[in-house]
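Here the structure is laid out as structure tokens; the discussion comes afterwards.
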Amino acid sequence: MQKMLSLLSRVLKGPAQKPVTGAANEAVRVMVASRNYADFASEATFDIKKCDVHRLEEGPPTQAVLTREQGLQYYRTMQTIRRMELKSDQLYKQKIIRGFCHLYDGQEACCVGLEAAINPTDHLITAYRAHGYSYTRGVSVKEILAELTGRRGGCAKGKGGSMHMYAKNFYGGNGIVGAQGQIFETYNMAALWKLPCIFICENNRYGMGTSVERAAASTDYYKRGDYIPGLRVDGMDVLCVREATQFAADHCRSGKGPILMELQTYRYHGHSMSDPGVSYRTREEIQEVRSKSDPITLLKDRMLNNNLSSVEELKEIDVEVRKEIEEAAQFATTDPEPPLEEIANHIYNNEPTFDVRGANLWIKYKSAS
């Protein structure tokens with residue numbers, strides 16, 4: 001280490017105090033990076049919040065191992081989702097994104113922790129707050145923003161918008177969230193048939209503008225499956241979500257039937273972009289959650305305090321993420337809109353072309369797969 005510092009000193013000073021060249025600067029950067037990366041810990045173990053359980057003899061572990069590689073991946077993914085949603089907010093206010101738009105900032109630990117514990121071949125269906133899941137399932141930021149702006153390069157060719165994004169083994173957002181009669185019928189059938197299904201309630205404390213305390217006599221949503229085992233999980237901690245999801249997936253894959261997870265989380269924005277989000281809760285409440293429970297800050301502090309990364313390295317990731325978001329936004333605002341003649345396409349997959357009636361009997365469109 002002393003030799004490396006001495007070499008750095010000579011590179012910085014140069015012979016006879018000559019100015020440092022670009023090549024020398026690059027050498028300094030590489031050597032400093034090499035030194036720092038070699039000094040980082042490869043992994044660390046963290047205590048995580050114990051999950052409340054229903055009809056289970058034991059729950060997920062209360063400790064989680066985080067490798068440096070995993071930490072950097074989770075941090076980058078959550079920052080990307082956060083910045084993507086803030087950019088969506090900006091584009092909506094500029095009236096470039098129109099219609100329904102439900103943002104996910106604050107809840108990033110849910111989709112990132114869940115994806116870290118399942119397989120790409122597993123099937124996922126989500127509700128209308130779908131941007132984060134679209135990204136973790138493999139849709140690029142460029143395709144997500146282009147879908148929000150209604151452009152041909154969007155993941156649904158500009159025809160789905162905020163609530164209807166799709167990817168392989170990901171069946172998009174859906175407008176009905178846990179419709180009461182249907183969800184209990186589904187619970188019942190899944191329990192009867194012992195289906196390998198994980199039901200997830202992302203409890204962000206509010207149903208539109210109504211707090212859970214005002215809407216439900218019992219807020220123990222993880223018990224709502226009755227005969228289905230349940231977990232109540234800290235949804236602001238990506239490690240807690242990951243370990244709970246791994247536990248739930250093992251439960252299902254071992255043939256024990258379905259399981260229900262309630263992820264206790266929080267959304268920073270209102271229900272949708274038409275909701276300012278402060279008429280039914282205070283700004284102080286939102287700020288308190290941001291300051292004490294933010295999922296990105298929690299992961300960042302863990303990594304820095306346990307020598308898994310450095311402030312400089314995480315700042316570099318932030319810069320790269322911002323650049324990616326800006327480039328995606330540029331694409332999403334310049335890519336052409338889909339032509340009117342394609343409006344009826346993709347109704348079915350691998351079917352012969354057929355006619356679809358337009359706004360009246362005399363308008364016909366061709367629908368191609």
Side-chain angles (χ1 to χ4, degrees), residues 77 80-81 83-92 94-105 107-108 110-112 114-115 118 120-177 200 202 269 271-274 324-359 363 365-369:
T77 304
T80 300
I81 295 170
R83 291 289 167 185
M84 178 177 70
E85 296 298 66
L86 294 179
K87 177 57 70 172
S88 300
D89 173 275
Q90 181 185 0
L91 293 173
Y92 195 95
Q94 293 172 349
K95 297 186 177 181
I96 297 173
I97 295 174
R98 308 301 292 265
F100 292 107
C101 186
H102 305 84
L103 301 184
Y104 199 68
D105 50 318
Q107 300 182 211
E108 297 90 350
C110 296
C111 63
V112 175
L114 188 147
E115 188 64 37
I118 63 175
T121 53
D122 291 327
H123 301 270
L124 181 66
I125 306 172
T126 190
Y128 47 71
R129 206 175 301 278
H131 307 167
Y133 284 103
S134 300
Y135 182 70
T136 57
R137 287 267 92 182
V139 183
S140 68
V141 176
K142 185 170 73 171
E143 291 175 298
I144 292 171
L145 290 183
E147 188 58 42
L148 287 171
T149 57
R151 307 303 171 109
R152 294 183 70 175
C155 57
K157 310 299 183 185
K159 296 188 287 186
S162 176
M163 294 195 292
H164 305 291
M165 298 183 180
Y166 306 92
K168 186 174 177 58
N169 298 325
F170 174 62
Y171 303 98
N174 295 272
I176 301 301
V177 186
I200 298 172
E202 286 190 65
H269 268 83
H271 168 72
S272 68
M273 284 301 298
S274 60
E324 179 186 3
I325 300 300
E326 289 303 321
E327 290 175 352
Q330 179 66 22
F331 173 80
T333 53
T334 56
D335 191 50
E337 295 179 353
L340 184 61
E341 56 267 22
E342 293 183 6
I343 193 171
N345 284 356
H346 310 118
I347 295 176
Y348 298 107
N349 183 41
N350 293 329
E351 288 289 330
T353 300
F354 61 96
D355 289 335
V356 175
R357 199 190 84 172
I363 298 177
Y365 296 105
K366 294 290 184 183
S367 178
S369 297

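Any value given below was found using the heavy atoms of this structure, including those in side chains, with hydrogens, waters and symmetry copies removed. Just so it is clear, the structure is predicted and the values come from calculations on it, not from any experiment.
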Closest non-hydrogen atom pair between [X] and [Y], with its separation:
X      : Y      : answer
Leu145 : Ala328 : CD1-CB, 3.9 Å
Asn174 : Thr126 : ND2-O, 3.0 Å
Gly99  : Tyr92  : O-OH, 2.8 Å
Met273 : Asp89  : CE-OD2, 3.3 Å
Ser162 : Ala130 : O-CB, 4.4 Å
Ser88  : Ile97  : O-CD1, 3.7 Å

NZ on Lys157 to CD on Glu147, rounded to 0.5 Å: 9.5 Å
Value rounded to 0.5 Å, distance of CG in Leu124 from CD1 in Ile118: 5.5 Å
Audit row: His269, Asp105, side-chain contact (heavy atoms from CB on, under 4.5 Å) steps and yes/no: CA-CA 7 Å; His269 268 83; Asp105 50 318; 2.8 Å; yes
Listed partners of Tyr128 passing ring pair (Phe, Tyr, Trp, His ring centres under 6.0 Å), at least two apart: His102, His271
Partner set under ring pair (Phe, Tyr, Trp, His ring centres under 6.0 Å) for Tyr104, not counting sequence neighbours: Tyr133
Residues forming a salt bridge (Lys or Arg N to Asp or Glu O under 4.0 Å) with Glu108, sequence neighbours excluded: Arg82
Side-chain donor/acceptor of Asp335 to backbone N/O of Gly153, under 3.5 Å: yes
More than 12 heavy atoms from other groups under 6.0 Å of CZ on Phe331: yes
Greater than 12 external heavy atoms within 6.0 Å of Lys159's NZ: yes
Side chain to side chain contact (heavy atoms under 4.5 Å, CB included) partners for Gln90, two or more places apart: Lys87, Gln94
Met165/Leu148 under side-chain contact (heavy atoms from CB on, under 4.5 Å): CA gap, chis, key distance, verdict: CA-CA 9 Å; Met165 298 183 180; Leu148 287 171; 3.9 Å; yes
Salt bridge (charged side-chain N to carboxylate O under 4.0 Å, His left out) partners of residues 122-145, not counting sequence neighbours, each pair once: Glu115-Arg137, Asp122-Arg253
Donor-acceptor contacts under 3.5 Å from residues 340-358 side chains, at least two apart:
| from | atom 1 | to | atom 2 | distance (Å) |
| --- | --- | --- | --- | --- |
| Glu342 | OE2 | Arg152 | NH2 | 3.3 |
| Asn345 | OD1 | Ala368 | N | 3.0 |
| Asp355 | OD1 | Lys366 | NZ | 2.8 |

